[in-house]
Every structure is written in structure tokens, then in C-alpha cells.
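Shown next, in C-alpha cells, is the structure this report addresses.
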There are 2 protein chains.
Amino acid sequence: MQKKTKATRKPRITIREVASDAGVSVAAVSKVLRDAYGVSDALRAKVQASMDKLNYRPLASARGLRGRTYTLGLIFPDLRNPFFADVFSGVNAALERTQYQAMQGISTSANALVEAMIDRQMDGLILIGPNEQAERLDEIAARLPLVLIGHHQETERHFDVVNNDDQLGARLAVRHLVNNGYRNVAMLSLGTPVSSVIQQREIGYRMEMVERGLGEYITIVRAPQVLRDVQIVLRNFLESRNRPEALFCWTDLMAFKAISVATEMGLAIPDDLAIVGYDNTVFCDFAQNRLTSIDQSGEVLGLQATRLLIERINGRVEADQFMVTPRVVVRASSQRVKKG
Amino acid sequence: MQKKTKATRKPRITIREVASDAGVSVAAVSKVLRDAYGVSDALRAKVQASMDKLNYRPLASARGLRGRTYTLGLIFPDLRNPFFADVFSGVNAALERTQYQAMQGISTSANALVEAMIDRQMDGLILIGPNEQAERLDEIAARLPLVLIGHHQETERHFDVVNNDDQLGARLAVRHLVNNGYRNVAMLSLGTPVSSVIQQREIGYRMEMVERGLGEYITIVRAPQVLRDVQIVLRNFLESRNRPEALFCWTDLMAFKAISVATEMGLAIPDDLAIVGYDNTVFCDFAQNRLTSIDQSGEVLGLQATRLLIERINGRVEADQFMVTPRVVVRASSQRVKKG
DNA sequence: TCAAAAAAGTAGAACGCTACACGTAGAACA
DNA sequence: TGTTCTACGTGTAGCGTTCTACTTTTTTGA
């Protein structure tokens with residue numbers, strides 16, 4: 001510990017000062033703040049005026065000790081996937097004109113972060129693409145309002161779930177490729193830990209392949225999140241004897257990497273190898289990628305999750321859910337140049 | 001307001017329970033918690049044992065009301081630029097084995113977010129690439145410990161600054177291009193609001209061009225952050241009569257967009273147009289980009305900023321600073337294929 | 001017109017911690 | 001031996017809110 005010479009900072013305006021300035025009780029100011037019952041328009045106006053005049057802002061710590069902090073925790077699994085930026089803008093849109101503020105945390109293993117957020121009195125939590133077991137999630141939900149984005153386990157649960165139909169999304173990807181003449185369609189999936197989102201996409205891929213009579217071509221290659229490992233796995237796979245004609249990647253980020261590896265190997269996209277991603281992130285449109293991708297409307301997911309969370313904070317107890325229907329956004333990476 | 005049927009959650013373990021379990025005073029437990037002076041090894045051990053046994057975790061709100069919250073605020077200007085992921089991992093590395101936790105906020109105009117973070121009793125703030133005026137920054141610094149990443153105003157200040165040498169970085173970019181035979185080198189810069197980082201890069205670009213005797217070619221094109229606008233501006237510029245031979249972009253993200261626009265127009269990179277970015281983000285390596293870029297070691301920046309912030313929280317008052325020297329990482333986007 | 005009900009406003013305890021002020025015991029010193 | 005110092009512990013006020021219980025005022029309705 002170091003010596004504390006900390007400069008004395010001027011103290012904050014407190015609720016007491018507002019009350020005395022407005023000539024009302026502290027309790028009255030608190031009521032205005034919380035939009036609680038039993039406040040006349042006249043009183044509200046008086047208090048508002050004093051708050052504006054004094055530039056008062058309630059202190060979240062103090063509020064937290066008795067009631068809410070008006071802070072929502074948002075946990076992302078990583079910062080590199082641009083898909084999360086879409087989700088985030090949805091959250092922000094939902095928070096506009098509310099008293100709530102979002103604080104983000106980023107961690108692959110949400111566990112420690114969840115505890116830290118609970119310690120910091122978040123009023124509720126949104127977990128995006130969590131890896132945790134259903135049991136653990138219920139444990140968290142027992143402690144504070146919880147909404148999950150991207151979770152498919154069908155259990156009795158005490159939290160809300162916002163999803164896109166990942167199974168359908170994968171089917172759409174395969175369907176699109178097959179309709180464009182590709183038969184040997186492989187899938188690039190994620191190694192452990194396997195989230196339910198990935199599982200659904202794998203199932204969708206498998207089912208569609210089987211239904212199209214292409215069961216014999218089913219190949220799922222799994223790689224970790226780390227790009228260096230993806231490089232190695234993909235390179236090996238694409239150099240092998242049974243190189244596929246098309247590759248469906250579980251997220252755009254991996255698809256971009258796939259484009260990179262294929263390009264390095266001198267493969268032409270989409271003639272030698274077609275590629276489809278998932279998320280329809282902003283980089284898909286870039287001319288060096290032109291990546292066909294499944295759009296799952298990240299912004300809508302973020303928006304809905306936030307709405308549900310606030311409802312839940314306000315007392316809803318039953319589990320709710322929301323599902324977005326994905327759609328294919330076709331670009332050059334998956335359509336063979338027409339011959340003839 | 002909705003009816004509150006909120007399930008009663010089991011109450012937290014408090015410091016009082018720990019104290020009684022350990023058979024010591026509440027004050028003693030608090031001392032252990034804060035690593036404060038006047039605690040014997042025996043007492044510490046007893047208290048630790050009880051904390052572990054009861055699974056006690058101090059409540060940040062309560063701590064904040066008297067002392068610190070052990071929470072640092074991190075404000076990013078946006079989520080889409082992968083450079084910030086590098087900074088973030090540096091922050092995380094510095095936080096390992098400390099009691100501190102980082103909470104992220106994302107906003108182009110940090111102002112409201114800064115207030116929100118102060119309301120939430122952050123012990124200190126790290127602002128990354130802030131647009132605020134020096135005056136406003138000092139005002140913030142008067143209220144809580146502050147460290148900036150990417151700020152170049154030479155003023156009397158009450159905060160710390162962590163930078164890479166942006167002027168040098170820009171010079172290196174130009175130098176590299178000129179050494180590779182390009183003469184008409186333009187720069188893609190950011191429209192308003194102009195941060196000091198951008199200013200430095202523009203200065204570096206200008207000075208190096210002049211010193212190389214290429215002053216007549218100096219052209220700075222400015223576009224907003226929004227990709228759609230960048231597209232329009234760039235397209236116009238590259239279609240114009242005086243298309244440059246090379247383009248130095250203020251950040252990789254823009255450089256990727258530039259690659260996209262050039263590719264759309266059928267320009268070959270680097271033969272028709274060389275491109276250099278800034279940040280050396282992970283996507284530079286992808287074969288569809290192969291982007292030469294200036295590395296400013298985001299991770300180091302994040303790490304140092306965090307160290308300085310914690311020092312400052314612990315009482316340091318004098319302004320400190322840290323500077324990283326950038327370097328060029330050469331890839332195919334800036335080297336003409338050798339002829340003959 | 002008056003009692004009852006609804007609305008508006010207030011007092012003050014409580015939330016979980018920190019830090020100040022203080023007490024005590026033993027060691028060091030003269 | 002007495003005095004001073006240091007190390008170790010403790011008691012408790014108070015941080016800025018919310019919220020319950022209460023009082024006062026106004027409205028309603030017969």
C-alpha cells in the first residue's frame with residue numbers, strides 16, 4: 001500500500017441537499033427519483049427543478065445498498081467478433097430513454113465475471129453465447145434476473161432466452177449451397193467447449209444434408225477459437241484427399257479465416273471452394289470477402305434481450321423467450337460463375 | 001412500474017457473519033480485506049479461513065460508500081475496431097492477481113458514459129482515443145483518477161497519458177512506401193471530431209512527405225467513421241483524375257475498406273494502389289488483405305495504462321506518461337511485385 | 001355534512017462496509 | 001522502575017440512498 005496523498009475532491013451533491021433546496025423531505029425526492037407512487041405534479045416539478053439546478057445525480061452505490069443500481073451487466077465471450085457490436089447496438093437502442101446503463105464485461109469463461117457483476121450489484125445480466133451448464137445458469141438466475149442470448153437447452157428454467165433459429169440457419173446455409181450445385185458440403189465447427197448454439201447448427205447441417213440425400217458427404221471439422229489453430233486445422237483439411245466443394249463456417253470470423261487459407265492455397269472462391277458464414281457481419285460486404293452469410297439480426301437479439309431483462313427486473317417470474325428467423329444473404333462466395 | 005412479485009433471494013453473507021464466525025471484530029475483517037496495517041498473521045489466517053468457509057464476497061456498493069469499489073472503468077470509442085481487443089487483453093493482464101475488476105463501456109461520445117461511471121463509483125477511468133477537449137479531460141481528472149490512451153495535447157494536466165508515437169508511425173508508413181518507389185502517397189484520415197491522435201498522424205504524414213521532397217503530392221482525404229460514408233468518399237477519390245499510387249489509412253479498419261473499394265474498382269493492390277494501415281490488427285495477416293500496417297502494440301498500451309491508473313489510485317499525483325515506439329509490419333499490400 | 005377512502009408527504013431505520021478514534025499489551029529504552 | 005513506543009484489535013459513526021410505517025391532506029360518496 002502506498003501513502004495516500006489523494007487530492008481532496010469536492011464532495012457530491014446528495015439527495016439531502018436537493019431536498020432542502022426544494023423545501024421537501026428526502027423521502028419525497030427519492031420518490032421522484034424512483035418514479036414511485038404518491039407524488040403530485042407540483043412536487044415533482046419542484047424537485048426536478050432543484051435537481052437540474054444543482055446538477056444532482058444519484059449515487060449508484062448508495063442506491064444499490066437499498067434498492068437497484070439501474071445498471072445491467074452484459075457479458076461477451078470475446079471482443080474480436082464483430083457480431084457482438086450488432087448485439088450491443090440493439091441493447092443500447094433498448095436502453096435509450098430508460099434510467100438503465102449497461103456495463104460490459106468480456107470473458108470466455110463467464111464464471112468469475114458473473115460473480116464480479118453480482119458483487120457490483122447489477123440489477124440483471126445478459127449473457128451472450130454462454131458455455132455454462134444449464135445447472136449453473138439456473139444457479140445464477142436464482143441470484144439475479146438473467147437473460148441469455150444463444151442458448152438452446154430445453155429445461156425448466158428461471159431465465160429468459162433470446163435466440164435465432166440456429167438449426168434453421170444451418171439448414172438454410174446447406175440448402176443454398178446444394179441449390180447452387182454443391183454436393184460435398186463440409187462444416188467448420190467449434191472445438192470444446194461446445195455451446196448449444198453450435199450443437200444446433202451442427203444438427204441443422206446434418207439433417208439438411210441427410211434430407212438432400214447427401215449424408216455420405218457429412219464432415220464436421222472442429223477447431224478452437226484461436227486463429228492460429230484454425231489455420232492449421234483448416235489447412236490440413238483442405239489439403240486432404242477429400243477436400244469438400246463447399247464449407248459452411250459456424251461464424252463469419254472463421255469464414256474469413258477460411259477465405260484466407262483457401263486464398264493462400266491458391267483455391268478460387270467459389271469455383272474451387274464455396275464458403276458460407278454465419279452472422280452477416282459488416283465485413284461480409286467487403287469486396288475481398290464477398291461472403292454469403294446467415295443473418296441472425298444481432299441488433300434485434302440485443303434489443304429483445306434487454307426488454308425481457310427489464311421486464312424481469314420489474315417482477316416477471318415466468319420464463320419467456322424470443323426467436324428470430326434467420327435468412328441467407330447471398331454474395332459471391334457461394335455462387336459458381338455461370339458457364340456457357 | 002410493475003407489481004413486484006420478485007422471488008425472495010437468499011441474503012448475502014456479510015462481513016458481520018464472517019467476523020462472528022472467526023470470533024473477531026468486524027473492523028478486523030475489514031482490515032484483512034483491505035490488506036490494512038495492524039493485522040497479525042494469526043488473525044489474518046483465522047479470518048481467511050472463515051471467509052473461505054462461508055464463501056464470503058465483499059459487496060462493492062457498500063465498500064464504495066466509504067472507500068473504493070475496486071472497479072476500473074474502461075471506455076472504448078467503438079466495438080468494431082479489433083485494435084481495442086488488443087488493448088483490452090493488456091488491461092486484463094495487468095489486472096491479474098489484483099483485487100480490481102474492469103468494466104467496459106462503449107460510446108463515441110464518452111461524456112455521458114463518464115458520468116455514468118462516476119455515478120457507479122469507479123475507482124479510476126481509462127479512456128481510449130478520447131475526443132474530448134483538454135479542458136473537459138482535466139475536469140474529469142479532478143473528479144477521479146484518469147489515464148488516457150492516445151492523447152497528445154501538451155498541457156499542464158492531472159492525468160496520465162499512454163501513447164504510441166503517432167507522428168513517427170505515420171512517418172514510418174510514408175517512408176516505407178516511398179522507399180518502395182511510390183511517390184504520390186495520399187492519406188485517408190478521419191473527419192470531425194478530430195482527435196489528437198489523428199492530428200499527429202497527419203502531421204507525421206505531411207512532414208515526411210515534405211522531407212522526401214514530395215510536398216506537391218500531399219493529399220488528405222477525410223471521411224467519417226461510418227463505413228457507408230467511407231465507401232462514398234473513397235470511391236470518389238479513387239475515381240478522380242489524380243488517383244494516388246498509395247494510400248496511408250489512419251486505421252486498419254479503414255484500410256480494409258479501402259482494399260474493398262479498390263477491389264470493386266478493379267484496381268490491383270499493390271500495383272495500381274498500395275495500401276498501408278495502422279494498428280496491425282489480427283486481420284492484416286489474412287490472405288485476402290495482406291495489409292502492411294503500423295504496429296503500436298495495443299497490448300502494451302493497455303497494460304501500461306492500467307499500471308499507471310492503479311498507481312494513481314494509490315495516491316500518485318504528478319502526471320506520468322508512457323510512449324511506445326511503433327514499427328512497420330510489411331505485407332504484400334505495399335510492395336510492388338518486382339519486374340524483370 | 002361527515003365518515004371513509006385515497007392520495008400526498010414525512011420520519012427515520014436500515015443496507016454492508018470503511019475508517020477514525022481509541023484501548024490494551026508487550027517491548028524497548030533510559 | 002517508570003515511560004514511551006509499537007503492534008494489534010475493537011467500537012461505532014456514517015457514507016447516500018430506499019422503503020416501511022406513519023401522519024396529514026384531499027377527495028369521494030351517501
Side-chain angles (χ1 to χ4, degrees), chain A residues 1 3-4 6 8-47 50-51 54 56-71 99 118-121 123 313, chain B residues 1 3-4 6 8-47 51 54 56-71 99 118-121 123 313 315:
Chain A
M1 280 281 132
K3 204 178 91 197
K4 283 189 216 173
K6 195 183 296 189
T8 40
R9 316 186 179 282
K10 71 177 167 198
R12 269 181 97 94
I13 304 288
T14 72
I15 198 174
R16 234 175 296 273
E17 294 166 67
V18 174
S20 94
D21 181 89
V24 300
S25 73
V26 168
V29 180
S30 175
K31 278 193 181 181
V32 171
L33 237 40
R34 287 172 294 130
D35 213 5
Y37 172 86
V39 181
S40 66
D41 289 352
L43 185 134
R44 187 189 313 281
K46 254 195 307 189
V47 170
S50 291
M51 294 202 302
L54 300 175
Y56 166 75
R57 300 185 58 107
L59 190 69
S61 302
R63 306 184 94 173
L65 224 43
R66 298 293 294 157
R68 344 184 149 170
T69 56
Y70 296 90
T71 312
Q99 275 199 70
I118 293 177
D119 294 345
R120 280 155 188 83
Q121 303 267 98
D123 290 341
I313 290 172
Chain B
M1 280 281 134
K3 203 178 93 196
K4 284 187 213 170
K6 195 183 295 187
T8 39
R9 317 185 179 282
K10 71 178 168 197
R12 268 180 98 95
I13 303 288
T14 73
I15 197 174
R16 233 176 296 273
E17 295 166 66
V18 174
S20 94
D21 182 88
V24 300
S25 71
V26 167
V29 179
S30 175
K31 277 192 182 181
V32 171
L33 236 40
R34 287 172 293 132
D35 213 3
Y37 175 84
V39 181
S40 67
D41 288 352
L43 185 132
R44 186 189 314 282
K46 254 196 306 190
V47 170
M51 295 203 300
L54 300 176
Y56 167 76
R57 299 183 59 108
L59 190 70
S61 304
R63 305 183 95 173
L65 224 44
R66 301 294 291 151
R68 341 183 152 170
T69 57
Y70 296 90
T71 312
Q99 274 199 73
I118 293 177
D119 294 345
R120 279 156 189 81
Q121 303 267 97
D123 290 341
I313 290 172

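Predicted, not measured: the structure shown is a model, and the values here were computed from it. Each chain gets a letter, A, B and so on, in the order its sequence line appears, and its residues count up from 1.
Checking D:dT18, D:dA7, D:dA13 against the side-chain heavy atoms of A:Arg66 singles out D:dT18 as nearest. Residue A:Ser25 places its side chain closer to C:dA11 than to any other of C:dA11, C:dC17, D:dT17. Relative to the side chain of B:Ala27, the nucleotides D:dC8, D:dT17, C:dA19 differ in distance, and C:dA19 lies closest.
Note on A:Val39: only backbone sugar-phosphate atoms sit closer than 4.0 angstrom, heavy atoms only; bases stay farther off. When heavy atoms are screened at a 4.0 angstrom cut-off, A:Arg16 is found touching base atoms of the nucleic acid.
Note: CD1 (B:Ile15) to P (D:dT10) measures 12 Å, nearest angstrom. We find that CD of B:Gln121 is positioned 20 Å from P of C:dC15, with the value rounded to whole Å. For B:Arg63 and C:dT18, the CZ to P distance is 5 Å, given to the nearest whole Å. Residue A:Arg120 contributes atom CZ, which lies 17 Å from atom P of C:dG16 at whole-angstrom precision. The OH atom of A:Tyr37 sits 19 Å away from the C1' atom of D:dT18 (whole-angstrom rounding). One can place CZ of B:Arg34 at 6 Å from P of C:dT18, the figure rounded to the nearest angstrom. Rounded to whole Å, atom P of C:dC15 lies 12 Å from atom CG of B:Leu59. One interatomic measurement links the two molecules: CG of B:Asp41 to C1' of D:dG9, which rounds to 15 Å at whole-angstrom precision.
Note: A:Leu54 CG to A:Ile15 CD1 = 12.0 Å, rounded to the nearest 0.5 Å.
Defining each end axis of the helix from C:dT1-D:dA30 to C:dA30-D:dT1 as the rotation carrying four pairs' C1' atoms onto the next four, with five pairs an end, the two axes are found to diverge by 30° to 10 degrees.
Checking side-chain atoms of B:Ser61 against main-chain N and O of A:Gly64 turns up no donor-acceptor pair under 3.5 Å. Panel note: side chain A:Gln99, backbone A:Leu33; a donor-acceptor pair is recorded below 3.5 Å.
The shortest distance between side-chain heavy atoms of A:Thr71 and A:Gln121 does not fall below 4.5 Å. Counting heavy atoms from C-beta on, the side chains of A:Arg57 and A:Arg12 come closer than 4.5 Å. Looking at heavy atoms from C-beta onward, B:Leu43 lies out of side-chain contact with B:Lys31 at the 4.5 angstrom threshold.
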